[in-house]
Amino acid sequence: MASLDPRVDASIAKAAPFAQPLLTKIRAVVHAAGPEVVEAIKWGMPSFTYRGKILAGMAAFKQHCTLGFWQGRQLLDSEKTSEAMGQFGRLTSLADLPSKRELTQLVKRAMALIDEGVKPVRTARTTPRPPPEVPADLAVGLAGNAAAAQHFKAFSPSAKREYIEWIVEAKRADTRSRRLAQAIEWLAEGKARNWKYENC
């Protein structure tokens, strides 16, 4: 029996009218192909997991939807180039979706990859980014917590950047303050910014 999440119902209900049939069809095909698949919300998007691993995610935006398989590079010969995330580009109508048969096969193959323990392939960055610049408020927070400072110093540049970008992208001062406090707490425990998803 399909494991439905009411948060996914809510996400589909609040999506634009053009998006609702797309999201509903994706959801139905995924569950028909994999009755053991479980729904979740990850990174604010409706997602599907299988045996505790991320299988796929879908999202609705103002003018398009996306569908992405976590192991898309292994499932498809080459990912379609698109400004939208996911392997199928900008989905604006049911006609943009793969056929039910093709989508069912992709879900089953994605589940098989998880069963086999195959890890997702990630594209390596060709040019390394410069080390991130630590904002003043984070530097002050780290100076006041030796454990957080020690862990932050040991992190890779990309792990540091995840924290820095999360803090500086806050639009309101109170949001930034909350994120800074949370960052210091997690850093003191040696946790990376996205530690909750490390075993997905």
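Since we're looking at a predicted model, the values are computed, not measured.
- Arg90 contributes atom CZ, which lies 9.0 Å from atom CZ of Phe61 (distance to the nearest 0.5 angstrom).
- In this structure, the side chain of Thr24 does not engage the main chain of Leu22 through any donor-acceptor pair within 3.5 Å.
- The list of salt bridge (charged side-chain N to carboxylate O under 4.0 Å, His left out) pairs with a residue in residues 163-176, not counting sequence neighbours, reads Arg129-Glu165, Asp137-Arg176, Arg172-Asp174, Asp174-Arg178.
- In this structure, the separation between CD1 on Ile12 and CD1 on Ile26 is 9.0 Å, given to the nearest 0.5 Å.
- Summarising the geometry, atom OG1 belonging to Thr49 is positioned 8.0 Å from atom CG belonging to Leu55; distances are rounded to the nearest 0.5 Å.
- Between Leu91 and Thr66 there is no side-chain heavy-atom pair separated by less than 4.5 Å.
- Contacts of Glu39 classified as side-chain contact (heavy atoms from CB on, under 4.5 Å), with partners at least two apart in sequence or in another chain: Leu4, Asp5, Val8, Arg27, His31, Phe48.
- Val38 and Leu106 fall into different hydrophobic clusters, where Ile, Leu, Val, Met, Phe, Trp and Tyr side chains are chained together by heavy-atom contacts under 4.5 Å.
- By the salt bridge (charged side-chain N to carboxylate O under 4.0 Å, His left out) test, Glu189 is found to be paired with Lys191, residues two or more places apart in sequence or in another chain being considered.
- Taking CZ of Arg109 as the reference point, atom CZ of Phe69 lies at 9.5 Å (rounded to 0.5 Å).
- Gln20 is linked by a side-chain hydrogen bond (donor to acceptor under 3.5 Å, both in side chains) to nothing, counting only residues two or more places apart in sequence or in another chain.
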Counting only pairs under 3.5 Å, give me each side-chain donor-acceptor contact of residues 112-120, with atom names and distances, residues two or more places apart or in other chains.
from, atom 1, to, atom 2, distance (Å)
Asp115, OD1, Tyr50, OH, 3.0
Asp115, OD1, Arg51, NH1, 2.9
Asp115, OD2, Tyr50, OH, 3.2

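- Annotation: the span from Arg7 atom CZ to Ser47 atom OG amounts to 9.5 Å, rounded to 0.5 Å.
- Scanning both residues, Pro17 and Pro21, for their nearest heavy atoms gives O-CD, 3.2 Å.
- Contact between Ala19 and Ala60 at its shortest, heavy atoms only, is CB-CB, 3.9 Å.
- Looking only at distances, no side-chain donor or acceptor of Lys108 sits under 3.5 Å from a matching main-chain atom of Gly34.
- Of all non-hydrogen atoms in Thr175 and Ala170, the two that sit nearest each other are CG2-CB, 3.9 Å.
- Placement of Ile184 and Val140 in two distinct hydrophobic clusters is found when ILVMFWY residues are connected by side-chain heavy-atom separations under 4.5 Å, directly or transitively.
- Residue pairs meeting the ring pair (Phe, Tyr, Trp, His ring centres under 6.0 Å) criterion with at least one member in residues 131-150: none, sequence neighbours excluded.
- Qualifying side-chain contact (heavy atoms from CB on, under 4.5 Å) partners for Val29, counting only residues two or more places apart in sequence or in other chains: Lys25, Lys100, Leu103, Thr104.
- Applying the salt bridge (charged side-chain N to carboxylate O under 4.0 Å, His left out) test to Arg101 and every residue at least two apart in sequence or in another chain returns nothing.
- Within the 4.5 Å cutoff, the side chain of Met45 has no heavy atoms near those of the Ile41 side chain.
- Residues Pro157 and Pro132 approach most closely at O-CG, 3.7 Å, considering heavy atoms.
- For Ser99, there are no side-chain hydrogen bond (donor to acceptor under 3.5 Å, both in side chains) partners, not counting sequence neighbours.
- The CD1 atom of Ile164 lies 13.0 Å from the CZ atom of Arg193; values are rounded to the nearest 0.5 Å.
- For Thr92, the side-chain hydrogen bond (donor to acceptor under 3.5 Å, both in side chains) test picks out Asp96, with sequence neighbours left out.
- Listed by first then second residue, pairs satisfying ring pair (Phe, Tyr, Trp, His ring centres under 6.0 Å) with a partner in residues 140-183 read Trp166-Trp186, not counting sequence neighbours.
- Gln150 pairs by the side-chain hydrogen bond (donor to acceptor under 3.5 Å, both in side chains) definition with nothing, not counting sequence neighbours.
- With a 4.5 Å cut-off on side-chain heavy atoms, Ser93 and Phe18 do not count as touching.
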